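In what follows, every chain begins at residue 1, and chains take the letters A, B, ... in the order their sequences are listed. Here the structure is a predicted model, which means the values were calculated and not measured.
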Amino acid sequence: MTAEILGRGRARVEGPAKVTGAAKYAADLHPSGLAYGYLVLATVGRGTVTAVDAEAALASPGVLAVYSPFNPLKLYGGIVHSDQSFLGQNWLPLQDAEVRHHGQIVGLVVADTFEQARRGAALVRVVYDARPPVADFAAALPNAVSPGPINGEPDVLDLLAPGVPSIEAALAAAPVRAGGTYTQPPKNPVPLEPHATVAVWDQAGLTLHLGTQAAMPSALTVAAALGQDPARVRVLSEHVGGGFGGKLYTWAHPLLTAAAAQALGRPVKTVITHEQMFSVTGNRTPVHQTVELGASADGALQAVKHEAVSGLSTSGLIFEQAAHTTSRYLYKAPNIHVAQKVAMLDAPPSTWMRAPGEEPGSFALESAMDELAAKLNLDPVELRLRNYSTVVPGRGVPWSSKHLDECYRLGAARFGWNRRAQRPGSVREGDWLIGYGMASAAYPGNQFPYTMAKVRLRADGGAEVSSATADLGTGMRTVLSSVVAERLGLPGERVAAVLGDSVLPMNYGAFASAGTASTATAARAAASAAVAQLVQVAVQNAASPFHGLDPKDVVYAEGRLTGPGGLDAAFGELLTRIDVSGVEAQDGSAPPPDARNFAVHSFGAHFCEVRVHAWTSEVRLRRFTSVIDAGRIVNERTARSQIAGGLVFGIGQALFEGSVMEPASGRTANANLAEYLIPVNADVPVFDIQFLSHPDTNFNEFGARGIGELGTVGSAAAIANALFNATGRRVRDLPVTVDKLFG
Amino acid sequence: MVTARITVNGKEASISPVAPHTTALDFLRERGLTGTKEGCAEGECGACSVLVARPGVNKPTDWVAVNACLVPVAALDGQEVVTSEGLATPGEPGTASTLHPVQEEMAVRGGSQCGYCTPGFICSMAAEYYRPGRCAHADSEGDAEHGPNGFDLHALSGNLCRCTGYRPIRDAAYAVGDPAEDDPLARRREQAPPAPVATEYTQDGRTFLRKDTLAETLRVLSERPDAVLVAGSTDWGVEVNIRSRRADCVVALDRLSELRELSVESDHIEIGAALTLTEIERRLDGEVPLLAELFPQFASRLIRNSATLGGNLGTGSPIGDSPPVLLALEASVVLAHADGEREVPLADYFTGYRQSVRRPGELIRAVRVPLPLSRVTAFHKIAKRRFDDISSVAVAFALDIEDGIVRKARIGLGGVAATPIRARAAEEALEGRPWSAETTEAAAALLQAEGTPMSDHRASAGYRSAMLGQSLLKLYAQTTEAVSS
């Protein structure tokens with residue numbers, strides 16, 4: 001039974017609810033008396049709102065209120081972005097007349113029905129004193145500034161061998177050099193579920209249904225903005241329709257919606273449109289990188305130089321840390337230089353998006369490695385093996401567990417890498433040019449500072465595990481149920497997992513690929529604590545057959561307590577007999593105390609085959625092999641889905657995705673799913689995803705590391721490298737659209 | 001006001017008092033059927049997909065999946081709709097419902113991850129599950145676009161997923177079997193579809209109108225020249241949702257029998273303007289190879305289930321996918337007016353950006369494709385994404401080649417000018433000359449100079465121009481390969 005619950009994996013526990021439409025997302029809630037909010041967004045890229053004419057909107061059927069900078073809802077300032085407040089931007093909506101970027105919220109219309117609210121919003125006339133925005137990333141590059149330290153290290157970090165004066169000197173001394181400039185546009189997480197919120201007030205305070213990756217920090221943020229006691233704000237997020245980083249922070253619309261519901265004395269629902277998502281919620285910043293690699297003739301790296309400039313919205317907060325998260329440690333080299341700058345833009349808020357930093361960084365570094373391999377006429381896998389790092393450069397500490405070399409070898413064997421032609425453009429099948437490419441993946445194994453979970457054993461013989469995390473499709477419910485079922489020796493279906501509620505035991509949420517390491521570890525500890533509690537109750541309760549025994553003599557296994565003299569009872573029977581509805585206990589997880597002695601990363605190697613049409617340069621992906629080293633895999637089925645989904649993000653990065661910002665206006669020209677292209681079914685090739693099984697018990701008791709973002713790291717480089725192999729054309733500007741390959 | 005009624009999951013409901021621009025999606029969700037999701041509100045993502053009972057091609061009734069976000073609910077007056085909630089069989093009180101076979105496969109094979117796109121995938125998959133003849137095409141291997149169970153992967157082309165990587169969804173689709181004998185939706189196919197009903201639905205001073213006959217409709221148009229004409233609403237729905245457009249009067253054409261005929265005459269094929277692209281595709285069944293090549297490239301199955309040829313020509317978009325093909329086929333449009341009909345060659349129909357010779361009070365009744373068809377045809381749509389995408393450039397060829405000489409050449413282009421155009425210079429450079437590398441290279445050079453393509457985020461002007469020439473070279477290479485092999 002145990003083997004069945006963990007490892008190969010159960011089907012997703014909430015699958016039936018999702019396939020029948022029964023699963024409720026925030027926008028599906030419909031409390032009685034509900035009114036609807038619809039946002040009004042700025043149509044200039046920078047400036048001031050000088051007037052708002054709401055007359056026509058207010059006269060439109062069903063419209064209840066029009067809020068604007070001149071009729072604002074009160075929000076309290078002074079919110080500091082911190083450990084527990086996750087406000088996604090550095091200003092609060094409608095509290096001043098400033099327009100900081102195109103598509104910023106400048107109004108909220110509330111009406112009796114959704115159709116009336118959106119009609120009303122279309123009738124609001126906003127007058128601006130417009131100023132030209134700084135919205136051209138390329139033009140802003142020369143003005144880029146230091147962002148301050150990155151991960152506790154200097155933004156310009158030189159790790160040079162003794163006697164080497166500079167990275168330039170190390171490069172100059174290297175006989176073979178390769179690299180270039182790598183660029184990519186801003187992106188949006190575009191989860192299929194648009195951001196949505198429903199605010200309901202009663203005597204107990206505010207209940208906010210909000211699709212979020214982080215229910216507890218959201219509740220604290222909303223409480224602060226509304227000037228409320230945090231105990232009076234509860235955030236519910238039962239199901240979340242994808243997040244990818246975009247639903248980690250708290251954006252402006254739930255604050256306004258909650259305030260409007262309070263002002264109007266009615267529940268209010270605001271669902272932002274996909275178009276609005278591009279400016280109301282956060283984006284991945286554009287990135288400009290240069291990588292220069294220097295190597296000796298045998299392929300040993302002598303110098304790695306990686307400099308990145310990322311955009312950063314003047315509204316805050318996050319920028320892509322491309323070099324420090326990749327070239328800093330991925331290869332063994334005596335001389336490493338990484339540097340990061342930011343170029344300020346009057347753009348929608350910059351935020352986290354799947355594999356922040358590693359996504360652009362791995363594209364640049366792993367493309368440059370491919371270019372170096374080509375110059376050396378060396379197999380790209382062999383080049384990586386020759387520069388394999390076993391300790392973190394400059395720090396000297398080893399990894400908690402690293403089997404990337406096995407990923408390379410197994411991946412190459414499964415993929416048939418030995419059939420790759422070293423000479424680009426030399427393999428053709430009919431009208432199609434064939435290319436093979438590969439790249440490495442590495443993403444930090446994260447664990448939250450502390451995480452709590454509760455396990456309750458019930459008199460009906462079932463159990464429940466709870467923690468204030470979220471399941472955005474990651475499989476967290478299934479993982480928690482399975483981990484606790486395995487520890488308790490119960491069938492999986494007897495253990496319910498409850499999450500998505502800010503009042504549950506402390507959890508930062510679902511992000512940074514830290515979910516399984518943090519929450520599964522806490523849940524397992526809580527299950528053990530619940531068993532200990534059960535034993536205590538069994539020996540202390542006078543009606544219990546175990547009464548008076550030494551707890552050490554009572555053994556729990558497979559859902560039963562046994563003791564001396566043939567004492568034996570299923571815990572449900574015992575609790576029923578002693579008339580106790582259930583016993584419960586909380587416990588937590590935290591990173592190991594010797595964490596500084598190890599670096600922790602999950603690793604992988606991607607191999608892909610592409611076809612490029614000889615006449616039109618159209619690209620088709622044929623297959624991917626990815627071998628993943630992520631410690632113990634709790635559920636292979638949901639894990640495989642996570643890696644496949646990550647690979648599809650890499651496909652999007654390589655071939656499709658990018659927001660097009662008009663330099664003059666700061667408007668995103670393709671803010672919709674018709675023109676911001678994400679891969680469709682037919683774009684997706686066959687995936688051969690393999691997991692190594694090396695439990696990482698240096699990292700946590702359970703031995704699991706994160707996988708949610710790993711698939712995205714390096715996969716775009718694998719595709720770009722395969723395109724080079726197919727055509728001989730190196731494209732360093734993403735996405736690789738057909739016109740860049742043609743000619 | 002006449003009340004409009006709709007049957008959802010077997011239960012009848014009144015539409016009133018919702019506003020006429022309320023979408024079917026909002027209507028369903030307001031009534032608690034929140035399984036149907038709103039994703040993009042413009043027919044791109046398919047999260048809102050629902051099943052509608054429509055006149056069948058091979059059986060009396062087909063279950064067809066459509067984007068509920070684009071259809072005004074008033075357009076479904078008298079129709080039957082099934083949502084993801086309605087596919088499962090409810091259990092006894094207190095017990096779980098029994099999953100529909102497509103739901104079962106999706107749940108078991110991990111086809112649902114975050115779950116938001118799932119009900120839409122379920123409905124698209126169910127429509128294909130019930131497609132008559134699906135299993136007749138089944139073979140044990142399947143191919144790149146079909147499962148071993150005959151499942152056509154294009155059925156899912158209008159559904160986006162951002163989580164799963166699509167493979168588990170494909171696995172689920174390829175695993176479903178045949179509907180059971182007593183499956184109520186399978187049995188429903190054997191009965192007549194819901195009859196079209198006349199609708200006059202007014203709320204807040206705005207009207208949705210559906211007349212019984214073409215004559216009545218034309219009379220309305222002469223009285224209401226401001227009326228917006230809709231068939232599948234795939235374009236108008238986007239205008240309403242995204243660009244906040246509203247109309248005082250919307251007139252539906254999609255059920256007019258005079259616009260829904262398809263006839264093959266001795267010298268032409270006439271295709272009713274209100275037939276959906278899916279209906280045309282299935283009824284022609286490959287008879288016009290150039291159209292058969294077009295259909296899989298045209299938007300997605302969800303859109304093709306609603307969109308019509310009349311609508312694609314009526315909106316006059318320069319990047320519509322059907323005009324290049326119809327231009328190459330030398331098609332004409334039949335324009336109906338209260339005063340009578342006229343036939344206009346498509347090449348003379350477009351006059352400017354989204355403008356045409358169609359006069360107020362006139363509507364497109366049918367499209368005529370002359371016979372016989374040219375033997376060598378090809379449609380090349382260059383887009384960034386494989387399906388469900390707007391073309392960067394589209395080229396259609398129809399050539400008659402006899403004894404190695406090009407007797408006739410017709411080339412239609414989209415995406416290179418303010419209107420779809422014929423490539424006359426390249427046609428002339430081909431006609432009367434041998435079908436040879438030399439001829440095609442010369443014609444390709446002329447083809448490349450056609451139109452005035454723009455640079456935008458879809459493609460550069462240079463690439464668009466180059467693709468025009470390349471598509472002819474590609475066609476030549478393909479035909480000569482075919483000859484030599």
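Chain B forms more heavy-atom pairs under 4.5 Å with one residue of A:Ile651, A:Asp431, A:Val190 than with any other, namely A:Val190. Ranked by heavy-atom pairs under 4.5 Å with chain B, the list A:Pro194, A:Gly242, A:Ala27 is led by A:Pro194. Ranking A:Ala669, A:Gly15, A:Gly241 against chain B, the residue ahead of the rest is A:Gly241, based on heavy-atom pairs under 4.5 Å. The most heavy-atom pairs under 4.5 Å with chain B, out of A:Ala674, A:Gly645, A:Ala644, A:Pro685, come from A:Ala674. Chain A forms the most heavy-atom pairs under 4.5 Å with one residue out of B:Leu160, B:Val238, B:Thr164, B:Asp204, and that residue is B:Leu160. Among the candidates A:Glu275, A:Gln116, A:Met277, A:His613, the residue making the largest number of heavy-atom pairs closer than 4.5 Å to chain B is A:His613.
When heavy atoms are compared at a cutoff of 4.5 Å, A:Val19 approaches chain B by way of both its backbone and its side chain. Within the 4.5 angstrom heavy-atom criterion, only backbone atoms of A:Val240 (N, CA, C, O) approach chain B. Residue contact with chain A, scored on non-hydrogen atoms closer than 4.5 Å, involves the side chain of B:Met467 exclusively. Looking at B:Ala41, neither its backbone nor its side chain comes within 4.5 Å of chain A, counting heavy atoms on both sides. Interface remark: B:Leu473 contributes backbone and side-chain atoms alike to the contact with chain A (heavy atom separation under 4.5 Å). In this structure, chain B has no heavy atom under 4.5 Å from any part of A:Lys740. In this structure, no portion of A:Val271 lies under 4.5 Å from any heavy atom of chain B. Using a 4.5 Å cut-off between heavy atoms, B:Glu85 contacts chain A through both its backbone and its side chain. Looking at B:Glu44, only its side chain comes within 4.5 Å of chain A, counting heavy atoms on both sides. Of the two parts of B:Arg167, only the side chain, counted from C-beta on, holds a non-hydrogen atom closer than 4.5 Å to a non-hydrogen atom of chain A. Using a 4.5 Å cut-off between heavy atoms, A:Leu673 touches chain B through backbone and side chain atoms alike. For chain B, the nearby part of A:Arg620 is the side chain; its heavy atoms alone come within less than 4.5 Å. With a 4.5 Å cut-off on non-hydrogen atoms, A:Ala23 touches chain B through its backbone but not through its side chain. There is no contact between A:Phe624 and chain B, counting heavy-atom distances below 4.5 Å. With a 4.5 Å cut-off on non-hydrogen atoms, A:Pro189 touches chain B through its backbone but not through its side chain. With a 4.5 angstrom heavy-atom cutoff, B:Val240 touches chain A via backbone and side-chain atoms both. Of the atoms belonging to A:Val686, heavy atoms from both backbone and side chain fall under 4.5 Å from chain B.
Residues B:Cys163 and A:Phe244 share a closest heavy-atom pair of SG-CZ, 3.8 Å. Residue A:Ala11 comes nearest to B:Ala107 through the heavy atom pair CB-O, 3.8 Å, listed as atom of the first residue, atom of the second, then distance. A:Phe687 and B:Gly165 make their closest contact through CE1-O, 3.8 Å (heavy atoms, listed as atom of the first residue, atom of the second, distance). Of all non-hydrogen atoms in A:Ser641 and B:Pro168, the two that sit nearest each other are OG-CG, 4.0 Å. Here the shortest heavy-atom pairing between A:Pro679 and B:Tyr166 reads O-OH, 2.7 Å. Nearest heavy atoms, B:Ser84 versus A:Gly21: OG-CA, 3.8 Å.
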For a side chain to side chain contact (heavy atoms under 4.5 Å, CB included) check, start with the C-alpha distance between A:Asn681 and B:Asn159, then their side-chain angles and the critical distance, and finish with the verdict. CA-CA 8 Å; A:Asn681 204 326; B:Asn159 294 85; over 6 Å; no
Given A:His30 and B:Glu30, is the side chain to side chain contact (heavy atoms under 4.5 Å, CB included) satisfied, shown in steps? CA-CA 8 Å; A:His30 196 93; B:Glu30 282 289 301; 3.5 Å; yes
After noting the C-alpha distance and the side-chain angles of A:Thr616 and B:Lys474, does the key distance pass the side-chain hydrogen bond (donor to acceptor under 3.5 Å, both in side chains) rule? CA-CA 8 Å; A:Thr616 63; B:Lys474 177 178 166 184; 5.0 Å; no
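Using modelled atom types, one side-chain atom of A:Lys18 and one backbone atom of B:Cys114 make a donor-acceptor pair closer than 3.5 Å. Not a single donor-acceptor pair under 3.5 Å links the side chain of B:Tyr116 to the backbone N or O of A:His239.
Separation of atoms OH (A:Tyr676) and SG (B:Cys40) is listed at 15.0 Å; rounding is to 0.5 Å. Between A:Phe114 atom CZ and B:Arg29 atom CZ the span is 10.0 Å, to the nearest 0.5 Å. Here the CD atom belonging to A:Glu14 is positioned 7.0 Å from the OG atom belonging to B:Ser112, to the nearest 0.5 angstrom. Note that the CG atom of A:Asp739 and the CZ atom of B:Arg464 stand 9.0 Å from one another [nearest 0.5 Å]. Within the model, atoms CD of A:Glu193 and SG of B:Cys45 stand 12.0 Å from one another, a figure rounded to the nearest 0.5 Å. One finds the OG1 atom of A:Thr638 at 8.0 Å from the CD atom of B:Gln113 (value rounded to the nearest 0.5 Å).
You'll find the side chain of B:Leu87 stays beyond 4.5 Å of the side chain of A:Thr20, heavy atoms only. For the pair B:Arg162/A:Phe649, a side-chain contact is recorded, criterion being any heavy-atom separation below 4.5 Å from C-beta on.
Salt-bridge formation is not detected for the pair A:Arg118/B:Glu38: no Lys NZ or Arg NE/NH1/NH2 atom is positioned less than 4.0 Å from an Asp or Glu carboxylate oxygen. Between B:Arg246 and A:Glu115 a salt bridge is recorded (basic side-chain N to carboxylate O distance below 4.0 Å).
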